[in-house]
**Student:** 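Below is the structure I would like to discuss, written out as structure tokens.
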Amino acid sequence: YAKHSRKNMVQMFESGMDERRLRRQKLAVSLQAAIEQDQLVLHYQPIFRLDSGGIESVEALLRWHSEEHGTVSPLELIAVAEQHGLAHRLNEWVLLQACRQLNRWHQDGFGWLKVNVNISPNIFMDGELAITVRQVLHDTGLDASTLVLEITEDTSMWDTMGSIDTLQELRELGIEIALDDFGTGYSSFSHLRQLPLNKLKIDKSFVADLSTDPRAVSLVKTIISLAESLDMSVTAEGIELPEQQAQLQLLGCQLGQGYLLARPMPVEDMSDLLSQNHHYRFRTA
Ligand code: C2E
Ligand code: MG
Ligand code: MG
Ligand code: MG
């Protein structure tokens with residue numbers, strides 16, 4: 001009986017795998033068309049200076065609602081793109097759209113605004129990124145210092161010297177680099193010492209525990225002073241509660257983003273937020 005049921009389970013598991021693979025294959029076909037037909041959308045979430053409440057930057061976040069597949073999460077989108085050789089085009093599309101939009105906002109009088117663009121790790125590693133970024137900066141005429149690329153530490157890419165070269169090339173273009181989801185991945189102190197990074201983004205899991213766990217407070221405190229001593233700025237992700245915001249302000253965290261302050265939103269809403277008030281500020285806690 002046990003053997004029989006295990007066999008059933010294996011079959012169920014395998015057919016589950018097939019279904020998933022099939023879904024991904026269909027997704028990949030639709031995704032390719034969506035990229036070509038500009039059906040993907042970027043939403044933007046503001047990143048605030050926690051001391052003054054002013055906006056520093058906006059993070060571009062991919063959104064896709066497909067007629068066939070419904071709403072597909074960006075993480076699944078990225079995974080599908082990577083598995084089916086679409087990662088380059090997807091990342092280039094995001095980069096170009098985000099830079100074009102930032103240019104429009106600059107022309108509308110918000111010249112101080114920056115944009116943060118997420119880049120998939122394997123794109124980051126292939127060495128052509130600097131060429132793409134240079135091209136996009138040239139085509140859009142954007143001031144390089146207003147572009148921030150976010151890379152996750154959730155990869156072993158840090159073991160290759162090539163990554164350091166890529167980072168250096170990117171920095172030479174005048175853009176900034178942020179290490180995303182800091183604290184959850186593979187970065188070590190020696191990476192932090194070697195890599196020319198400008199910003200650390202504290203992963204939201206640490207921020208979530210801030211109001212309940214004294215150890216999370218200690219860790220965040222340590223990350224902030226570590227970043228300061230390495231001349232990097234710190235952004236806290238995933239601020240959902242006033243207590244978390246207050247705690248981060250107390251600890252001297254410079255920048256923050258999260259549902260409490262503002263959710264990711266469509267371009268039009270972001271434009272409204274920017275123009276409603278030149279000095280838009282979140283409600284201070
Ligand atoms: P990420 O870069 O760490 O982005 C932050 C994620 O946290 C976003 O999820 C955002 O919507 C969400 N978030 C913001 N505030 C809060 C909060 O207060 N609480 C919680 N629980 N979540 C919050 P999203 O948009 O679903 O994106 C997930 C991940 O997908 C991103 O994580 C990033 O790694 C990847 N991603 C999104 N857009 C792109 C893209 O254009 N290109 C690439 N390569 N990756 C992308
Ligand atoms: Mg990010
Ligand atoms: Mg993150
Ligand atoms: Mg992430």
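The first residue of the sequence shown is numbered 1, and numbering continues consecutively from there. In listed order, ligands and their atoms are each counted from 1.
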**Student:** Nearest non-hydrogen contact with atom 16 (C) of ligand 1 belongs to which option: Trp93, Tyr259, Trp64?
**Tutor:**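 Of the listed residues, Tyr259 has the closest heavy atom.
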**Student:** Quick one: do Val133 and Ile151 end up in the same hydrophobic cluster if we chain Ile, Leu, Val, Met, Phe, Trp and Tyr together by side-chain heavy atoms under 4.5 Å apart?
**Tutor:**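 Result: yes, single cluster for both.
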**Student:** Return the set of residues passing salt bridge (charged side-chain N to carboxylate O under 4.0 Å, His left out) with Arg23 (not counting sequence neighbours), or none when no residue passes.
**Tutor:**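 Expected list: Glu76.
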**Student:** Which part of Asp180 is near ligand 1, with near meaning a heavy atom under 4.0 Å away: side chain, backbone, both or neither?
**Tutor:**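 Contact part for Asp180 vs ligand 1: side chain (C-beta onward).
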**Student:** Check all N, O or S atoms of Glu150 and name the one closest to the Mg ion (ligand 2).
**Tutor:**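 Closest to the Mg ion (ligand 2) among those atoms: OE1.
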**Student:** Going only through I, L, V, M, F, W and Y residues with side-chain contacts under 4.5 Å, is there a path from Leu113 to Leu149?
**Tutor:**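 Linked within one cluster.
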**Student:** Heavy atoms only: which of Arg63, Glu82, His43 lies closest to atom 25 (O) of ligand 1?
**Tutor:**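 Nearest option to atom 25 (O) of ligand 1, by heavy atoms: Arg63.
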**Student:** To the nearest 0.5 angstrom, please state how far the CD atom of Gln107 sits from the CG atom of Leu102.
**Tutor:**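 The CD atom of Gln107 sits 10.0 Å away from the CG atom of Leu102.
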**Student:** Hey, what's the angle at the Mg ion (ligand 3) spanning OD1 (Asp181) and OE1 (Glu237), nearest 10 degrees?
**Tutor:**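 Value returned, to the nearest 10°, is 100°.
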**Student:** Quick one: angle Asn118 OD1 - the Mg ion (ligand 2) - Glu59 OE2, to the nearest 10°?
**Tutor:**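 OD1 of Asn118, the Mg ion (ligand 2) and OE2 of Glu59 span an angle of about 90°.
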**Student:** Using a strict cut-off of 4.0 Å, indicate which atoms of ligand 1 neighbour a heavy atom of Asn91.
**Tutor:**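 Ligand 1 atoms under the 4.0 Å threshold to Asn91: 44 (N).
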**Student:** Please confirm if an N, O or S atom belonging to Asp203, backbone or side chain, lies less than 2.8 Å from the Mg ion (ligand 3).
**Tutor:**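 It does not: Asp203 brings no N, O or S atom closer than 2.8 Å to the Mg ion (ligand 3).
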**Student:** Would you say the side-chain atoms of Asn91 and Ser120 include a donor-acceptor pair closer than 3.5 Å?
**Tutor:**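 Side-chain D/A pair, Asn91 to Ser120: present.
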**Student:** Quick check: does Asp181 get an N/O under 3.5 Å from an N/O on ligand 1?
**Tutor:**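 Indeed, backbone or side chain, Asp181 has an N or O that close.
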**Student:** Measure from atom 37 (C) of ligand 1 to every heavy atom in Pro264, Pro74, Ala81 and give the option owning the shortest one.
**Tutor:**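 When every heavy atom of Pro264, Pro74, Ala81 is considered, Pro74 comes closest to atom 37 (C) of ligand 1.
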**Student:** Inspect the surroundings of CD in Glu36 and state if more than 12 heavy atoms from other residues, nucleotides or ligands are less than 6.0 Å away.
**Tutor:**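 Buried by this count: over 12 neighbours within 6.0 Å.
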**Student:** Has Asp180 got an N, O or S atom lying less than 2.8 Å from the Mg ion (ligand 3)?
**Tutor:**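 Yes - counting backbone and side chain alike, Asp180 has an N, O or S atom under 2.8 Å.
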**Student:** Could you check His65 against Gln39 for side-chain contact (heavy atoms from CB on, under 4.5 Å), going step by step and ending with a plain yes or no?
**Tutor:** CA-CA 8 Å; His65 185 83; Gln39 286 166 357; over 6 Å; no
**Student:** Counting backbone and side-chain atoms alike, is an N, O or S atom of Thr152 positioned under 2.8 Å from the Mg ion (ligand 2)?
**Tutor:**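 False for Thr152.
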**Student:** Given Glu240, Gln257, Glu237, Lys204, which has its nearest heavy atom closest to atom 7 (O) of ligand 1?
**Tutor:**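 The option holding the nearest heavy atom is Lys204.
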**Student:** Is it the case that Asn116 and Ser57 place a side-chain donor and acceptor less than 3.5 Å from each other?
**Tutor:**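 The answer is yes; a qualifying pair exists.
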**Student:** Applying a strict 4.0 Å limit to heavy atoms, is Glu59 in contact with ligand 1?
**Tutor:**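 For ligand 1, residue contact (heavy atoms, under 4.0 Å) with Glu59 is present.
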**Student:** Could you list the atoms of ligand 1 found under 4.0 angstrom from a heavy atom of Gln45?
**Tutor:**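 So the atoms of ligand 1 that pass are 14 (C), 15 (N).
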**Student:** Val115 and Ala98: which non-hydrogen atoms are nearest, and at how many Å?
**Tutor:**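 In this case the closest contact between Val115 and Ala98 is CG2-CB, 4.2 Å.
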**Student:** Just heavy atoms, cut-off under 4.0 Å: does Leu62 contact ligand 1 by side chain, backbone, both, or neither?
**Tutor:**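 Answer for Leu62: both.
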**Student:** Heavy-atom contact under 4.0 Å between Ser73 and ligand 1?
**Tutor:**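 False for this residue.
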**Student:** Just wondering, do Glu82 and Asn122 contact through their side chains at under 4.5 Å, heavy atoms?
**Tutor:**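 Yes. Closest side-chain heavy atoms under 4.5 Å.
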**Student:** Report the distance from atom CG of Leu77 to atom CG of Leu40, rounding to the nearest 0.5 Å.
**Tutor:**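 With rounding to 0.5 Å, CG (Leu77) is 6.5 Å from CG (Leu40).
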**Student:** Specify side chain, backbone, both or neither for Val94, according to which of its non-hydrogen atoms lie closer than 4.0 Å to ligand 1.
**Tutor:**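 The part of Val94 near ligand 1 is the side chain, not the backbone.
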